[in-house]
J.: 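One structure, as structure tokens, below. Some questions next.
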Amino acid sequence: MAYDHKSIESKWQQAWEEQGLYRAEVDWSRPKHYAVTMLPYPSGDLHIGHWYAMTPSDARARFMRMKGYNVLFPMGFDAFGLPAENAAVQNNIHPWPWTYDNIERMRIQLRTMGAMFDWERETVSCDPEYYRWTEWFFKRMFEAGIAYRSKALVNWSETLQTVLANEQVIDGKDERTGQPVIQRMMEQWFFAITDYADELLDFEGIDWPDPIQTMQTNWIGRSEGALVTFESPAGEIPIFTTRPDTLWGATFMVLAPEHELVAGLTSDEQREQVEAYVAASARRTELERMEESRDKTGVFTGGYAVNPVNGSNIPVWIADYVLISYGTGAIMAVPAHDQRDFEFARHFELPIVPVIHPEGAAKLSEPAMVESYVGPGTMVDSGPISGVATTMAKGRQNPSIAAAIDWLEENGAGTESVNFRLRDWLIGRQRYWGSPIPIIHRSDGTMETVPDSDLPVVLPEDVDFVPTGRSPLTYHEPFLNTVDSAGNPAKRETDTLDTFMCSNWYWFRYLSPHFDTAPFDPEEAAYWLPVDTYTGGAEHAVMHLLYARFFVKVMRDLGVFKDTIEAMKEHGRSPDGWFDEPFRQVRNQGQILGEERRGDRLAADGDWDGEVLRATSIQVGEDVAGAVVGELMNRTERILKVATADGVITVEVLADAHVDIASIPGDNDINQLKQHLDVERMSKSRGNVVNPDELVEQYGADTVRTYLMFAFDWLKGGPWDSRGIAGARRFLDDVWKLGTGGYEPKAVNEGATTELRRATHKMIKKVEADMVDFKWNTAVAAMMTLRNDLLAARRDANVSGDAWNEAVDTLLSVLAPIAPHITEEVWRSRGHETSVHASPWPAADPELARDETVTMVIQVNGKVRDRIEVPADITAEDAEAAALATERIAEWTSRGEVRKVIARPPKLVNIVVG
RNA sequence: GGGCGAGUGGCGGAAUUGGCAGACGCGCAGGAUUCAGGUUCCUGUGAGGUAACACUCGUGAGGGUUCAAGUCCCUCCUCGCCCA
């Protein structure tokens with residue numbers, strides 16, 4: 001019988017579900033493993049990227065299960081968010097049915113993966129049963145002062161009289177109505193994530209990828225320095241600086257245009273200019289303002305402030321590169337030692353006063369400076385700290401900074417301070433399709449929370465999605481109008497929560513999705529928490545993964561885990577250190593890109609040098625002509641391989657060749673050829689979208705899973721190649737035939753039998769190590785190698801039946817996590833009573849896996865000159881003697897004197913002959 | 001501009017972390033099976049070189065450390081991500 005994936009896969013998916021094979025239940029007698037893969041947004045179609053993310057995570061969970069763990073691997077939907085609301089506005093479909101229809105479709109698609117999801121624990125974040133607790137968390141955070149309202153710059157549409165989300169603003173205009181949008185300070189909801197900044201910098205005890213730790217650390221951006229206050233007629237201007245040692249070189253100040261003292265500092269002569277500038281910067285987003293390539297702009301206010309270190313009066317400017325949301329919204333400018341300040345000073349002809357004497361160089365002279373000096377040296381013209389050395393070190397590690405901070409503190413001019421780049425998390429969204437914020441605004445302007453018994457505040461369903469740019473909640477009177485606790489008329493909060501808040505705690509809800517007295521059941525939590533392995537895309541490296549860490553620390557501090565900790569203790573497990581971080585181990589997969597396109601048509605002209613064309617002219621485009629015309633296949637340095645009608649031609653591009661690429665305007669160079677090739681290749685443009693449903697139909701889920709895990713380095717991803725999948729299918733066809741075809745030994749050979757057993761046990765060891773490490777491609781390669789050994793053994797029929805059966809059953813066991821259906825079918829057909837997925841992981845016997853002899857490489861002066869078979873336990877002396885004794889080596893050693901012999905038994909001997 | 005990561009056959013990718021470069025697969029070529037195509041089965045497949053060996057070259061470029069470098073160090077080029 002041939003391998004028919006269709007009947008097998010649906011049969012086993014149904015059987016596993018009926019038997020509840022993947023239902024995970026608390027069992028204190030067994031070790032647990034809680035595996036979570038990032039839950040999908042219900043866009044309506046499962047794409048190949050979902051398979052690439054989820055099926056290896058499933059394989060890992062299955063592997064852990066076979067290793068003896070009680071494994072929980074749930075699935076859910078992150079269902080609030082923008083696309084549903086856009087669909088509502090564009091197609092007049094309410095987000096509710098749109099979302100739930102999509103979820104229904106995706107559930108079916110997800111089932112075709114054959115993953116071990118425990119559907120009993122499914123969680124949907126837009127379900128009132130779920131967001132009741134999202135609101136509850138918000139309430140606790142509000143009560144604890146972690147959720148608060150404060151002014152922030154927002155996108156404001158004067159014509160619509162509404163705040164717009166960043167995604168709604170394109171080029172400074174509302175994307176729907178085209179009305180202008182300005183930046184305006186307004187009251188917004190925040191979470192005080194900066195309170196946890198220091199703790200979030202600590203990754204002790206968790207196993208996360210280094211790049212993520214680096215990204216989060218940079219994102220938090222801790223910098224040490226001092227807070228210094230400048231006096232001005234309009235009031236005190238505090239600034240934060242990382243270089244208080246250069247205060248004596250501060251020649252002007254710059255305030256953000258939104259700074260509250262701007263109006264007070266502005267002189268009458270300057271008022272018109274200042275007001276125009278403030279209005280102009282309101283039209284720019286923060287992102288635009290931070291573009292460094294932009295020309296420096298700014299306006300003098302006409303006001304002055306006093307530098308506290310020397311009493312000098314320095315001019316106060318405003319410029320939009322200073323952001324109100326960073327630090328204090330004001331900076332001191334030291335043009336001699338800061339490049340941005342230097343450029344500003346030169347542009348506006350402001351004074352530059354050097355205060356660092358560069359190491360081993362002449363003293364800086366202001367008129368001659370063409371850029372700021374940021375290197376080490378000695379402080380000069382800096383009052384009390386003159387003569388102190390300055391280094392490249394940051395904070396107090398730098399003697400000049402330490403001296404300056406000490407002086408500031410002694411003289412009451414400033415204090416040592418730490419500033420973070422991280423800002424508090426703006427969580428309010430002027431959107432409908434999100435979790436409501438359970439706040440009531442009283443008529444006197446104060447706020448109160450909705451009582452727990454009234455949670456959740458439910459989104460009204462009878463809303464109109466008129467494309468006004470405003471959230472329907474803002475004009476839905478029955479929702480809006482309510483009463484406060486005293487019975488007086490009041491208004492509901494109409495902001496909803498950022499969807500990152502919903503995805504902050506979903507793995508807790510999986511534990512008990514229908515629990516109705518708390519966000520999660522402490523009895524479940526005590527057993528399953530924390531999450532042991534969390535997998536998902538690296539695009540969530542900062543936001544989601546940082547917010548998740550923050551949120552768990554908040555939960556801990558709010559005492560949310562109190563009952564869980566009690567339950568844990570009752571079961572004799574120590575809760576210490578288990579509730580500081582959400583995920584003990586995190587791994588990120590790469591991304592699957594669109595299928596490679598053939599390279600572009602290219603024509604080259606030049607002079608032939610043998611087979612190689614030395615090109616003086618290259619053209620890329622559709623209608624091109626030249627000596628060589630074909631598709632660009634590959635490029636290394638100056639060498640191009642071009643597939644022409646006559647085969648592959650090598651073209652060397654001369655250094656001064658003329659390059660013309662039709663799709664890239666202007667002058668082109670050779671490097672752009674490669675870039676162009678790559679960009680085209682990786683484009684996800686229409687026509688190369690990979691549909692997993694079609695692949696499953698044609699090859700089967702097992703083949704798709706195997707191919708995805710085999711063809712890529714999981715951490716890297718890469719372009720899809722539709723041809724390669726045939727190899728995965730051939731492998732499974734072979735597994736089918738080897739497992740179901742029977743085997744009759746003819747002439748049993750002791751050596752061949754031992755070899756097969758050795759290969760089997762080596763394979764177990766290799767696959768196990770690879771699966772622990774998420775190295776799916778090499779795990780599959782090791783299985784394919786055993787497949788090749790089995791094919792050879794069957795052809796020769798020279799291994800014992802026992803060795804054959806051991807090898808086949810082992811192959812099925814280790815392949816089971818990757819290809820769950822075919823392995824189950826073949827496993828059962830071989831007479832096993834229970835599921836392969838409930839069977840234990842095979843044990844690698846180190847005795848059987850050990851090689852008796854190995855191939856030893858003999859090198860002469862580092863080059864391989866001979867190979868011999870030696871016993872695996874050969875001593876260094878014997879290895880050396882054996883190496884020197886071979887005929888070929890004798891030939892080489894006779895040419896000179898043996899100066900040295902390095903023996904690394906049993907793999908290598910290197911003989912130095914000179 | 002700064003930080004992190006990467007660059008290996010025609011392609012995807014291996015290489016036990018300093019010890020045989022190219023595992024495994026795709027593709028391609030030759031052969032067998034077949035009326036034929038496909039499937040399947042054998043064999044080969046980094047480049048040069050040879051009748052075949054030998055040998056020479058070869059992991060983006062250049063230099064260095066070492067008995068030994070894809071791997072470590074320095075300079076440079078290119079790509080990707082993050083931050084400015």
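Protein chains get the first letters and strands the later ones, always in sequence-line order, with residue 1 at the start of each. Quantities reported herein were computed from a predicted structural model and do not represent experimental measurements.
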J.: If you check every side-chain atom of A:Trp892, which of B:rC55, B:rC4, B:rC41 has the closest atom?
T.: B:rC55

J.: Can B:rU45 be described as syn, meaning its chi torsion is within 90° of 0, or is it anti?
T.: anti

J.: Can the ring centres of A:Phe731 and A:Phe710 be said to be less than 6.0 Å apart?
T.: no

J.: Return the nucleotide paired to B:rA54: Watson-Crick means purine N1 to pyrimidine N3 with N6-O4 or O6-N4, wobble means G-U with N1-O2 and O6-N3, both under 3.5 Å.
T.: none

J.: How about A:Tyr707 and A:Trp720: are their ring centres within less than 6.0 Å of each other?
T.: yes

J.: Measuring only the P atom in each nucleotide, how far is B:rU66 from B:rC83? A whole number of Å is fine.
T.: 43 Å

J.: So what's B:rG7 paired with, Watson-Crick or G-U wobble, going by both distances under 3.5 Å?
T.: B:rC77

J.: Suppose you measure atom C1' in B:rG2 against the same atom in B:rA69; what distance do you get, rounded to whole Å?
T.: 30 Å

J.: What string of B, S and - do you get for nucleotides 17-24 of chain B, 5' to 3', if B is base contact, S is sugar-phosphate-only contact and - is no contact with any protein heavy atom under 4.0 Å?
T.: --BB--BB

J.: Is the closest side-chain donor-acceptor distance between A:Asn419 and A:Ser223 under 3.5 Å?
T.: no

J.: How far, in whole Å, is B:rG27 from B:rU78 if one measures between their P atoms?
T.: 36 Å

J.: Touch check for A:Lys766, heavy atoms < 4.0 angstrom, all strands: base, sugar-phosphate only, or nothing?
T.: nothing

J.: When we call it a touch if two heavy atoms are under 4.0 Å apart, what does A:Gly717 touch: a base, just sugar-phosphate, or nothing?
T.: sugar-phosphate

J.: In whole angstrom, what separates A:Asp713's CG from B:rU8's P?
T.: 13 Å

J.: Where do A:Asp713 and A:Asn777 come nearest, in terms of heavy atoms and distance?
T.: CA-ND2, 3.9 Å

J.: State whether A:Phe203 and A:Arg549 meet the cation-pi test: NZ (Lys) or CZ (Arg) under 6.0 Å from the six-membered ring centroid, and within 45° of the perpendicular axis.
T.: yes

J.: Just checking A:Arg729: base, sugar-phosphate only, or nothing, at a heavy-atom cut-off of under 4.0 Å?
T.: nothing

J.: Can you check the A:Leu738 CG to B:rC41 P distance for me, whole Å?
T.: 11 Å

J.: side-chain hydrogen bond (donor to acceptor under 3.5 Å, both in side chains) for A:Glu224 and A:Thr242? Distances and angles first, verdict last.
T.: CA-CA 6 Å; A:Glu224 294 175 11; A:Thr242 57; over 6 Å; no

